[in-house]
Number of protein chains: 2
Amino acid sequence: MHNHLETAHQCIELVPIFKTLSVEDLKQVTSLVHEQQFTQGETVFAAGTHADALMIVAHGQVKVYQGAANGREQLLYLLQPGDFDGEAALFKEVTRTSSAVALVDTNVCMISRQAFQALLQRAPQLALNMVNAFGERINRLERQTTAVTTTSVEGRLADYLVETAASFPSGAQFTLPMPKKDIAVYLGTTPETISRKLKLFEDAGLLQRFAGNRVQLTDVDQLALISD
Amino acid sequence: MHNHLETAHQCIELVPIFKTLSVEDLKQVTSLVHEQQFTQGETVFAAGTHADALMIVAHGQVKVYQGAANGREQLLYLLQPGDFDGEAALFKEVTRTSSAVALVDTNVCMISRQAFQALLQRAPQLALNMVNAFGERINRLERQTTAVTTTSVEGRLADYLVETAASFPSGAQFTLPMPKKDIAVYLGTTPETISRKLKLFEDAGLLQRFAGNRVQLTDVDQLALISD
DNA sequence: TTTTTTACTTGATTCACGTCAAGTCACGTA
DNA sequence: TACGTGACTTGACGTGAATCAAGTAAAAAA
């Protein structure tokens with residue numbers, strides 16, 4: 001549906017760190033990216049491997065997670081088109097500490113360290129853009145850490161639902177973007193608990209559930225209040 | 001005990017992002033820092049305020065935490081001499097999302113955005129150093145998030161003890177660097193639980209407790225194993 | 001010193017959530 | 001159509017850890 005150049009270009013345009021580049025530099029970037037496709041469930045990169053490229057999601061959805069010794073895992077990011085990960089690899093040798101898999105069929109763009117360094121020569125302000133991007137990510141992580149430790153599963157799920165619903169027309173039915181198992185991991189809980197809490201919300205008249213993982217929030221305000 | 005210049009200089013030397021600077025540039029940095037002192041318990045900066053400077057801890061210890069709606073809080077960083085926070089302020093207007101208080105009498109060095117921007121002109125590679133520093137911080141936060149959600153309080157406390165003990169002579173008695181209340185917040189639990197777990201460790205012969213919040217780990221290996 | 005405050009300990013109780021287990025439902029396949 | 005297979009639901013149960021409450025120790029102030 002998209003040829004290489006078109007996809008790559010869209011991909012680049014979406015990324016905040018390239019926002020301030022001149023048209024010429026953008027062209028340069030576009031020519032340097034390497035496009036890759038992944039089918040649902042396929043591993044994009046694995047923890048412990050050598051990282052030498054920045055990954056940008058063009059189409060689809062990628063989850064980035066970290067495993068723990070006891071087999072549990074924590075979902076760190078849920079990358080949407082335009083989101084990226086692996087910036088650290090652009091500056092020095094690093095080993096990946098997290099893994100990433102495609103949740104749906106996904107296109108990503110890779111920019112190798114080498115290519116990026118060349119780019120940096122042309123456009124030094126890129127470094128500043130990177131710093132900003134990092135700053136935002138740090139903020140996000142700080143908030144996530146705080147949320148996970150100070151709020152209940154119920155609150156986090158309510159939050160998640162409200163946030164997810166926000167990307168659909170207000171009051172509309174929508175399909176949960178990932179299987180319950182992944183939602184569970186994302187919120188640091190189990191599929192069973194997700195199921196129970198959803199039922200609880202339904203019984204309380206806050207939402208309705210339909211076949212095929214579809215839900216409709218009927219009382220967004222109330223849901224938003226739960227996150228205490 | 002230290003005059004201004006001496007302290008400021010030590011302070012700068014400790015900071016990783018200034019490591020690659022030339023002697024001349026370092027001198028310049030030193031002249032630009034503004035030293036401040038805080039007594040135990042004093043607020044270094046508060047959430048919601050305007051941030052316009054990088055803060056570097058010279059002597060003492062500073063805790064950086066984030067409050068939640070329900071009154072709980074999450075400790076994000078425990079800054080030791082050489083650690084810093086607020087880098088985001090060096091590039092653009094930001095509002096602080098976290099607060100910081102001195103846990104003991106503390107000296108910090110402040111570098112204003114203005115001063116830093118001037119510095120950046122002289123030494124562009126600073127931006128790259130910043131990116132690296134950010135990368136490490138992100139890694140730290142990712143690990144912290146994962147640890148909090150996937151391991152038990154017992155494991156986290158054991159980890160914390162082993163890590164803290166590492167900065168003292170092996171096998172020596174040492175004083176816990178902060179009140180139990182703060183340790184509790186740091187590990188995402190309560191002072192009561194900390195108390196109980198410490199007793200549990202003591203009963204198991206893994207450590208000994210003494211007056212004045214002093215402890216001595218007697219079986220570090222075993223403690224390190226608990227962190228499952 | 002005594003008094004007051006603050007930090008810490010310990011116990012009893014409660015509860016949210018994870019775990020285990022047994023379905024049920026939907027969907028693809030032979 | 002029957003048969004799997006994997007995703008979801010629901011119940012019963014156990015447990016780690018928060019909460020509530022009442023103390024004790026230690027540090028600061030008077």
Side-chain angles (χ1 to χ4, degrees), chain A residues 40-41 63 68 70-74 101 103-104 147-161 175-204 207-215 226-228, chain B residues 39-41 63 68 70-74 101 103-105 147-161 175-204 207-215 226-228:
Chain A
Q40 183 175 27
K63 72 164 180 176
N70 52 12
R72 285 221 206 150
E73 62 178 45
Q74 168 64 31
V101 293
L103 287 176
V104 297
V148 168
T149 56
T150 59
T151 72
S152 63
V153 171
E154 205 168 307
R156 277 175 273 152
L157 177 58
D159 252 7
Y160 173 77
L161 288 172
T175 305
L176 291 173
M178 41 178 181
K180 297 239 163 56
K181 197 177 69 176
D182 285 319
I183 298 179
V185 169
Y186 185 52
L187 300 176
T189 181
T190 60
E192 292 96 324
T193 300
I194 296 285
S195 198
R196 280 187 250 273
K197 294 299 180 189
L198 277 179
K199 189 184 184 202
L200 195 145
F201 289 158
E202 188 173 35
D203 290 348
L207 56 81
Q208 279 186 283
R209 288 190 288 171
F210 304 93
N213 269 330
R214 299 181 66 74
V215 294
I226 294 180
S227 354
D228 289 338
Chain B
T39 59
Q40 182 174 27
K63 73 163 179 174
N70 53 10
R72 285 220 204 150
E73 62 178 47
Q74 169 64 30
V101 294
L103 286 175
V104 297
D105 290 359
V148 168
T149 55
T150 60
T151 73
S152 65
V153 170
E154 205 168 309
R156 277 175 273 153
L157 178 58
D159 251 8
Y160 173 78
L161 287 172
T175 305
L176 290 173
M178 42 179 181
K180 297 238 164 58
K181 196 177 69 176
D182 286 319
I183 298 179
V185 169
Y186 186 52
L187 300 176
T189 180
T190 60
E192 293 97 322
T193 301
I194 296 286
S195 198
R196 280 186 248 274
K197 294 300 180 189
L198 277 179
K199 191 185 183 199
L200 193 146
F201 288 158
E202 188 172 36
D203 290 349
L207 57 80
Q208 280 186 282
R209 289 189 289 171
F210 305 94
N213 268 332
R214 297 182 66 75
V215 294
I226 295 180
S227 354
D228 290 340

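Every heavy atom of this structure was used, including side-chain atoms; hydrogens, water molecules and symmetry mates were not. Residue numbers start from 1 in every chain, and the chains themselves are labelled A, B, ... in the order their sequence lines are given, proteins ahead of strands.
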Between A:Gly212 and A:Val153, which residue's closest nucleotide on DNA chain C lies nearer the 5′ terminus? A:Val153
Expressed in angstrom and rounded to an integer, what is the separation of [X] atom [atom1] from [N] atom [atom2]?
X: A:Lys180; N: D:dT9; atom1: NZ; atom2: C1'; answer: 9 Å
X: A:Leu200; N: C:dC17; atom1: CG; atom2: P; answer: 10 Å
X: A:Phe210; N: D:dC8; atom1: CZ; atom2: C1'; answer: 17 Å
X: A:Asp182; N: D:dG6; atom1: CG; atom2: P; answer: 16 Å
X: A:Phe201; N: D:dT9; atom1: CZ; atom2: C1'; answer: 17 Å
X: B:Ile183; N: C:dT9; atom1: CD1; atom2: C1'; answer: 15 Å
X: B:Arg196; N: D:dT19; atom1: CZ; atom2: P; answer: 12 Å
X: B:Gln40; N: D:dA28; atom1: CD; atom2: P; answer: 8 Å

Taking only N and O in the side chain of [X], is any of them less than 4.0 Å away from OP1 or OP2 of [N]?
X: B:Lys199; N: C:dC8; result: no
X: B:Thr190; N: D:dA18; result: yes
X: B:Lys197; N: D:dG16; result: no
X: A:Asn213; N: D:dA7; result: no
X: A:Arg209; N: D:dT9; result: yes
X: A:Thr193; N: C:dC17; result: no
X: B:Thr189; N: D:dA17; result: no

Side-chain donor or acceptor of [X] paired with backbone N/O of [Y] under 3.5 Å:
X: A:Thr151; Y: A:Ala147; answer: yes
X: B:Asp105; Y: B:Thr39; answer: no
X: A:Glu202; Y: A:Arg209; answer: yes

Working to the nearest 0.5 Å, report the span between CG of B:Leu176 and OH of B:Tyr160. 6.0 Å
Separation between NZ (A:Lys180) and CG (A:Leu187), nearest 0.5 Å, reads 12.5 Å
Which one, C:dC8, C:dA21, D:dA18, comes nearest to the side chain of A:Glu192? C:dA21
